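Since the structure comes first, as C-alpha cells, the remarks are kept for the end.
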2 protein chains.
Amino acid sequence: MTPTNRKLRKDALAILRAALKAADPVEAVARHLSVDGHSLHVGRQRYSLEMFQRVFVIGAGKASAAMAVAVERALGRRIHSGLINVKYGHVARLRRIELNECGHPVPDEAGVAGSRRLAAMVDGAGEGDLVICLVSGGGSALMPAPAEPITLAEKQETTRLLLACGATIHEINTIRKHVSSLKGGQLARAAYPATVVTLILSDVIGDNLDVIGSGPTAPDSSTFSAALAILRKYAILDRVPPAVRERLEQGLEGRIAETPKPGAKELSRTQNVIVGSNRLAVAAAKKHASSLGYRALVLSTAIQGETRDIAGMHAAIAREVRDSGQPLRAPACIISGGETTVTLRGQGKGGRNQEFALAAAIEIEGLRDIVLLSAGTDGNDGPTDAAGALCDGQTVARATAAGLNAAAFLADNNSYAYFDAIGDLIRTGPTNTNVMDVRLALIGK
Amino acid sequence: MTPTNRKLRKDALAILRAALKAADPVEAVARHLSVDGHSLHVGRQRYSLEMFQRVFVIGAGKASAAMAVAVERALGRRIHSGLINVKYGHVARLRRIELNECGHPVPDEAGVAGSRRLAAMVDGAGEGDLVICLVSGGGSALMPAPAEPITLAEKQETTRLLLACGATIHEINTIRKHVSSLKGGQLARAAYPATVVTLILSDVIGDNLDVIGSGPTAPDSSTFSAALAILRKYAILDRVPPAVRERLEQGLEGRIAETPKPGAKELSRTQNVIVGSNRLAVAAAKKHASSLGYRALVLSTAIQGETRDIAGMHAAIAREVRDSGQPLRAPACIISGGETTVTLRGQGKGGRNQEFALAAAIEIEGLRDIVLLSAGTDGNDGPTDAAGALCDGQTVARATAAGLNAAAFLADNNSYAYFDAIGDLIRTGPTNTNVMDVRLALIGK
C-alpha cells in the first residue's frame, strides 16, 4: 500500500468516526439539551426550570433509551417520571425513566399497552408541566395507538392492504395518522396545555417532522378526506376493516377531531428539535475533513438508488477531481448521505455499503491516491457484522493477487467475503443509532 | 408554469446552447487553430508558416469534414492537398480537401482504399512539410488499415471473436493497434520527419489520446507481447485468422516494428491538441451559467451507469441545494457530462437523455424552482429526432393532468412520447459533433 493511500484510509476512518459521534444518541441529545443553573437550553430556546412543576420524559424508538440516558444526565432528579417504548433488547441503564420493551418492526400488544400508559401520562400533565418526548427511528411501530374501537390487528390489516396495492409511504402515513390516536401531532394535543419539547433522531431522507416516527408532536397537513380518497383510489374502501372505514367517515363528517394542522393552538407550546440526522452526521464529517486539511464538499444527504450506479457516480466525481480539479481541487473530501438499495442478483453475503465499496473499487482500479468508503451509521450493513468497507485504486489488484475476482464477487453480491479476505471491512459494532449511511471519497494531492 | 421555472428553463436551454457551441466542430477547430500573418497558432504553440513547403490535411471521423471547413477557412490556399475519410453522407463543402465517404460503424473497402491514399500522402511528406490531421469520433472505423497481408475481413473476424469472449475495449484496442498499419501512433511515424499537428474532437470519457480514433498520432504503450497474451487469456490464439497470429508472433520476435512508444523520436514533431471534448463543452456551460448569475459546479465529465439511478442522484443533489445550500447555494447550476446507459425494460421509444429527464421529473415532483435537463451533443438521443428533454417539479403534475402517468412511461422506456406530449423535448437537429452528453440542474433562489 502506498503511503498516500495509507494516509487517506486513516483519514477516511477518522472522518467516519466524527460522523458517527455526531449521530450517537447520547451525544446528540447532550449537544442540544443542557441545564445551566435553573435554565434548560433546548436547541436555540431557553426554558426556566422554575416554571415547571413536573418534568415527564416519554418517547419511542430504537435509539430512545440511549437518548433518555442523556436526558437523565442533564435533568436527573428533576424528572418526575417517564416511560419509553423501545425495541426488545434495546435498553439502557436508567434511574427515573421506565423502559417498556415491545415489538419492532411489527408492533405488538406490549407496544399498545405502553402507548396507552404514555398517553395517560401526558394527558395528566398540566399547564405547569414539561413533557420531553424522545423520538427516533422505529418510533412509529413502537408507539402503536389504534384509535378505539380499531384494534391493532385491524390497523395492521389496513397497512397490509395498502402495501399490496402499491400505495406510497406518504399515502400509508396519511391513513395511519387518521386511524391512530397519537400520530400526526395528536400526542402533543394530548399533552396540551403542558409544554412539550420533542428531541428527534431522524432516520429518513428530508428530516420531515411529520414523517419521523409518524410525527407525534408535529403538525399534520393530511386529512380524513385525503385518507378516504386514497382508499377509493386503490378501490379498497370496501376491503378495509369496517371499524377503519367507519372512523374515516365519521372524521369526514366532523364527528372526530382532525389531526392538529399547522398553526393549531394545541401545538403552540410544542418545540420539535432534530438532534441527530444524516445531515448533522455529514456536517460533522465535513468539519472533521476540513480540520484534516481537505477541501470538503457535501454532495447530498438525500441519495437513494441502485448502489453500484451510485458508486460509479461517486468514482466518476473522484476521478474528475484527479483529472481536472473539479468539483474541487485535491486534497479533497467528497461526502454524501442517504441510503441506497441493492438489487440482489447473486447468492453472496453483503450490504449496500460493502457493495458500494466493491463497485467503487472496480471503477477506480489503477487510479492513484483515491480512497472511497461507505458505512451504515447503525454499524450493521445488511445481514453482516460490518458497518461497511473501504477501497482504493489498488484494492482490485491486491485482491486479484489473493485470488479474488472483483467482478465475480460483485455479480454474486458477495462483498462481505471480498473485503473480509483482504481486511478492508469496517467494523464498529452496533452503534445504537441510525441516521442512514455516510459515504466518503478522499482524493490526495 | 411559475415565472421562476420559466426563467430556469430558458437559462438551462441557453447554457446548453453554450455547451453545444463549444462542441461544434467548426468553432472548436477555429478556437484552437488560427493564422496571424505568417504565424500558425495551434493551441499554445506557434509555427512559422514560412517554414513549411506544403501543408497536407488528412483525417477521419464523423465530424472531420466539418473540422476541415475551419481549417480551410484559416489556411485557404496554403493547403497543398488533403483527404479525409468520412461516414457516408457526413460531408461538407470544401475547396481543397477531398472527402472520401466510407462505412461506419462497420468499416468497408472504401475506407481501406482511402486510408491507403492517406498513408501515401503523409509518406510523401518531408521535413519541410506540415500535416494537419483531424480526428473525431468514429475515426477508428473510418481509418481501417489492416497491416498487410491481413485483410479487412480477417481484422473484423478478430474483433468479433474478442467481443464474443468478453474482452474489454482496452484489450480490443491493443490487438487492433498491432494488426493495423496506422493506429497507435503509426500514422505519425509514417509522416515523420514532417511536422504533424493533430486536432482532436474527443467522444470518449477521459480524453485519452491513444484511445480517440485509436490514436493514429499518439504514443502507444501496448505491445505485441500484450496482444498475444490477450489472445492466450481468452484461449482464441488458435481461432484468430492465421495472418493475424503470424503478424503478432513476428512482432514479438522483433521482425515487425512496434508501435511508437512514449518518447519515440518519430513522435517528436507531433503535437496532439484536443479541440473539443465533453470537458470543454461542460466548461463552456459552466462559464455561461456563471455569466447568467448562477453559482456553477461541475460534478464530473466521466459519468456512466444506469440512467435512472444517475438521474436520482442528480435530483438528490438539486434537492440538497434547496434544503441546505449544499454543495452550493442557490441560484445554482450543477453540471455533469459523460454518457449513461439504459437497461431496456419496455417497448417504448426514447433515449438515455430523455429517460434521464423522465426519471428526474419523478424524483423532483412537487419541488419548487428546480429544472433538470439532459441532452446528447450530437442532437440524436437514441433512435429519436430529439437531443433530450427538460423537466421541473411541476412536470409530473402537468403530464398527469394530460392523462400521462410518469411511472408507467418510465417503466416502458417511453420517454419520447411523454415529453413530446407535453412539449418538453429538446430538438436541436443533427449537430455534426459528438462529445457525449451534458446534464444540467438549475436551482432558483
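A quick note: this is a predicted structure, and the numbers were derived from the prediction, not measured. Hydrogens, waters and symmetry mates are skipped; everything else that's a heavy atom, side chains included, is used. Residue numbering restarts at 1 for every chain, and letters A, B, ... go by the order of the sequence lines.
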Item checked: Nearest heavy-atom neighbours spanning B/Ser324 and A/Arg279 -> CB-NE, 3.7 Å

Margin query: So, taking the atom named CG in A/Asp309 and the one named OG1 in B/Thr343, what distance separates them when rounded to the nearest 0.5 Å?
Written below: 8.0 Å

Notebook entry, point to check: Rounded to the nearest 0.5 Å, what separation is found between the CG atom of A/Leu297 and the CG atom of B/Leu328?
Noted result: 8.0 Å

Item checked: Among the listed options A/Ile303, A/Thr301, A/Asp323, the residue most often paired with chain B at heavy-atom distances under 4.5 Å -> A/Thr301

Checklist line | Derivation of the side chain to side chain donor-acceptor pair (under 3.5 Å) call for B/Gln326 and A/Ser300 | finding: CA-CA 7 Å; B/Gln326 299 187 96; A/Ser300 175; over 6 Å; no

Notebook entry, point to check: Which atoms form the tightest heavy-atom contact between B/Ala316 and A/Ala302, and what is the distance?
Noted result: CB-O, 3.3 Å

Note to self: I'd like to verify something: which residue of B/Arg308, B/Arg319, B/Glu306 has the highest number of heavy-atom pairs under 4.5 Å with chain A?
What the structure shows: B/Glu306

Next item on the list: Identify which part of A/Ile310 has an atom lying under 4.5 Å from any heavy atom of chain B, answering side chain, backbone, both or neither.
Entry: both

Notebook entry, point to check: Which value, rounded to the nearest 0.5 Å, describes the distance between A/Met313 atom CE and B/His314 atom NE2?
Noted result: 4.0 Å

Check: So what's closer than 4.5 Å to chain A heavy atoms on B/Ile317: side chain, backbone, both or neither?
Finding: both

Next item on the list: Tell me, out of B/Thr340, B/Val321, B/Ile335, B/Leu299, who's got the most heavy-atom pairs with chain A below 4.5 Å.
Entry: B/Leu299

Item checked: Enclosure of B/Arg345 CZ (heavy-atom neighbours >12, cutoff 6.0 Å) -> yes

